Protein chains: 2
Amino acid sequence: MAAVHPRHLLPSARERIDHIAYELFSRHGVRSVGVDVVVARSGVAKKTLYSHYPSKEKLALAFLQRREELWTRTWLQEGVKRRARRPADRLLAIFDVFDSWFRRSDFEGCAFIKVLLEHDDPAHPIRRSTEGHIRTVRDFVRELAEEARLPDPEGFARQWQIVMIGSIIAAYAGDRDAARRAKKLGILLLADARIRSRGRAQI
Amino acid sequence: MAAVHPRHLLPSARERIDHIAYELFSRHGVRSVGVDVVVARSGVAKKTLYSHYPSKEKLALAFLQRREELWTRTWLQEGVKRRARRPADRLLAIFDVFDSWFRRSDFEGCAFIKVLLEHDDPAHPIRRSTEGHIRTVRDFVRELAEEARLPDPEGFARQWQIVMIGSIIAAYAGDRDAARRAKKLGILLLADARIRSRGRAQI
DNA sequence: GTCAAGGTAGACCGATCTGTCTACCGGAAG
DNA sequence: CTTCCGGTAGACAGATCGGTCTACCTTGAC
């Protein structure tokens, strides 16, 4: 059936590869998903995969790029901006977005962290890439902190990200309410930063 | 040479297996360490390993037990109790212990989290075991919270553990100062819990 | 009609994985 | 002296890994 349709009306082989690789790598990480599974599930010839990507490593790097586009930018950043307007409210809205994420029955955890922990060589390209994507998320937080005129936005963002990451792992380990707990931490952190900011402004 | 010594004066095969498995699984996780490597590094015959442990899975479960004994109990809990006496100070001392951990050149990250993220099936024995060991750490925090007479010790412990885990991952991703940042968060959390406690006591 | 591009199906390679098995060895206890 | 236990050395099986390759097919452009 499918083969009868004109090629341009169907998802191309590359699109199917990217889509299935995203599904599988997001859920299971990179290491435990073999190329054979990607090939079988995307209904593509093995040779086709290797004509688009020279190695599994490059496919994984492309996946991480896609994850940043779909998860970080489209889902997290846009979701946060849709939920609140003021920068400080947007910071807290991160945990509202997380809350709906953690309660999904198909909650899969954070692919960046998963892939980061899979690679213990700090020089490995995949590990370096995940660290870059984690930095991208932190940059988003730092920008919100700057817009909220908080002191030491970089330090604030690093603390905020500790809470974000901790809550994701806690949720993965079974704590459905991890986002609520994290939000409370965020409120404390935000209040403290504002006190410091006001204190400094008075000097 | 070694074979010439009486058997009882040398580390037994089992001890060598346990020791090397601990080294390798702690650093690299379970999945990416093959039994052949454990066999080779411990200088033991493959058959000997399988006479002590019926499968790699059982070896991994024994490793997690050992990790709880060496890391959680001996290193973390005793380290904390050595550094401070009052329960609230001991809570904060967790991050002092973490700080020296994160700054070690051979910092290996948290094996429990690593192994947890390696297994996405929630029913898998290894995953269930890691969740148990994570709960053990949280119980330790909860007991300190109870001793400090903080309200809602379980909720407090879960928030505290979010910070602990987040800082470990942040350190693993390259933030050497993650423990200092986490300790600041802990100070805020502790102060807030005390305010709530005092507020409730006045009612 | 021809031809190149891109795709399919699947055999195959060498390496590595967990786990089993045979054959042998050395020391301690009877 | 013999016997048994715990161990060594390493071949082997069957599965799976990433990656290559041949042979064939379909579509669109010319």
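Naming convention: chains lettered A, B, ... in sequence-line order (proteins, then strands); numbering from 1 in each chain. Predicted, not measured: the structure shown is a model, and the values here were computed from it.
- Following rounding to the nearest Å, A/E57 (CD) and D/dG19 (C1') show an atom-to-atom distance of 14 Å.
- In this structure, B/L49 places its CG atom 13 Å from C1' of D/dT8, rounding to the nearest Å.
- Nucleotide D/dC17 holds its P atom 11 Å from the CZ atom of B/R31, rounded to whole Å.
- In this structure, the CG atom of B/L24 is 16 Å from the C1' atom of C/dC17, given to the nearest Å.
- Distance CG (B/L59) to C1' (C/dG19): 13 Å, rounded to an integer number of Å.
- A cation-pi arrangement is absent between A/R31 and A/F25, since the terminal nitrogen or guanidinium carbon is not both under 6.0 Å from the aromatic centre and inside a 45° cone about the axis.
- A close approach under 4.0 Å does occur between a side-chain nitrogen or oxygen of A/T48 and OP1 or OP2 of C/dT8.
- The residue A/V38 sits apart from the nucleic acid: no heavy atom pair falls under 4.0 Å.
- Under the 6.0 Å distance and 45° angle rule, A/R14 counts as a cation-pi partner of A/Y53.
- B/K58 places its NZ atom 11 Å from the P atom of C/dG19, with the value rounded to the nearest Å.
- As judged by a 4.0 angstrom heavy-atom cut-off over every strand, B/S55 is placed among residues touching the sugar-phosphate backbone only.
- Between the P atom of C/dG6 and the CD atom of A/E15 lies a distance of 15 Å, rounded to the nearest Å.
- When the side-chain nitrogen and oxygen atoms of A/H52 are compared with OP1 and OP2 of C/dG6, none of them lie within a distance under 4.0 Å.
- Ionic pairing of A/D152 and A/R158 is not present here: no N-O contact between side-chain nitrogen and carboxylate oxygen is shorter than 4.0 angstrom.
- At the heavy-atom level, A/V37 lies nowhere under 4.0 Å from the strands shown.
- For a distance-only test at 3.5 Å, the side chain of B/K47 fails to qualify as a donor-acceptor partner of the base of D/dG7.
- Electrostatic pairing of A/R73 and A/E78 does not count as a salt bridge here, judged by no charged N lying under 4.0 Å from a carboxylate O.
- OP1 or OP2 of C/dT8 lies within a sub-4.0 Å distance of a side-chain N or O belonging to A/R16.
- Comparing B/D36 and A/V44, the nucleotide of DNA chain C nearest to each residue sits closer to the 5' end for A/V44.
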Show your reasoning for whether ring pair (Phe, Tyr, Trp, His ring centres under 6.0 Å) applies to A/W160 and A/F95. CA-CA 11 Å; A/W160 202 265; A/F95 298 112; 5.4 Å; yes
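- Comparing B/R14 and A/K46 by the nucleotide of DNA chain D that holds the closest heavy atom to each, the one mapping nearer the 5' end is B/R14.
- Between the NE2 atom of B/H28 and the C1' atom of C/dC17 there is a distance of 17 Å, rounded to whole Å.
- Residue whose closest nucleotide on DNA chain D sits further toward the 5' end, between B/A45 and A/G34: B/A45.
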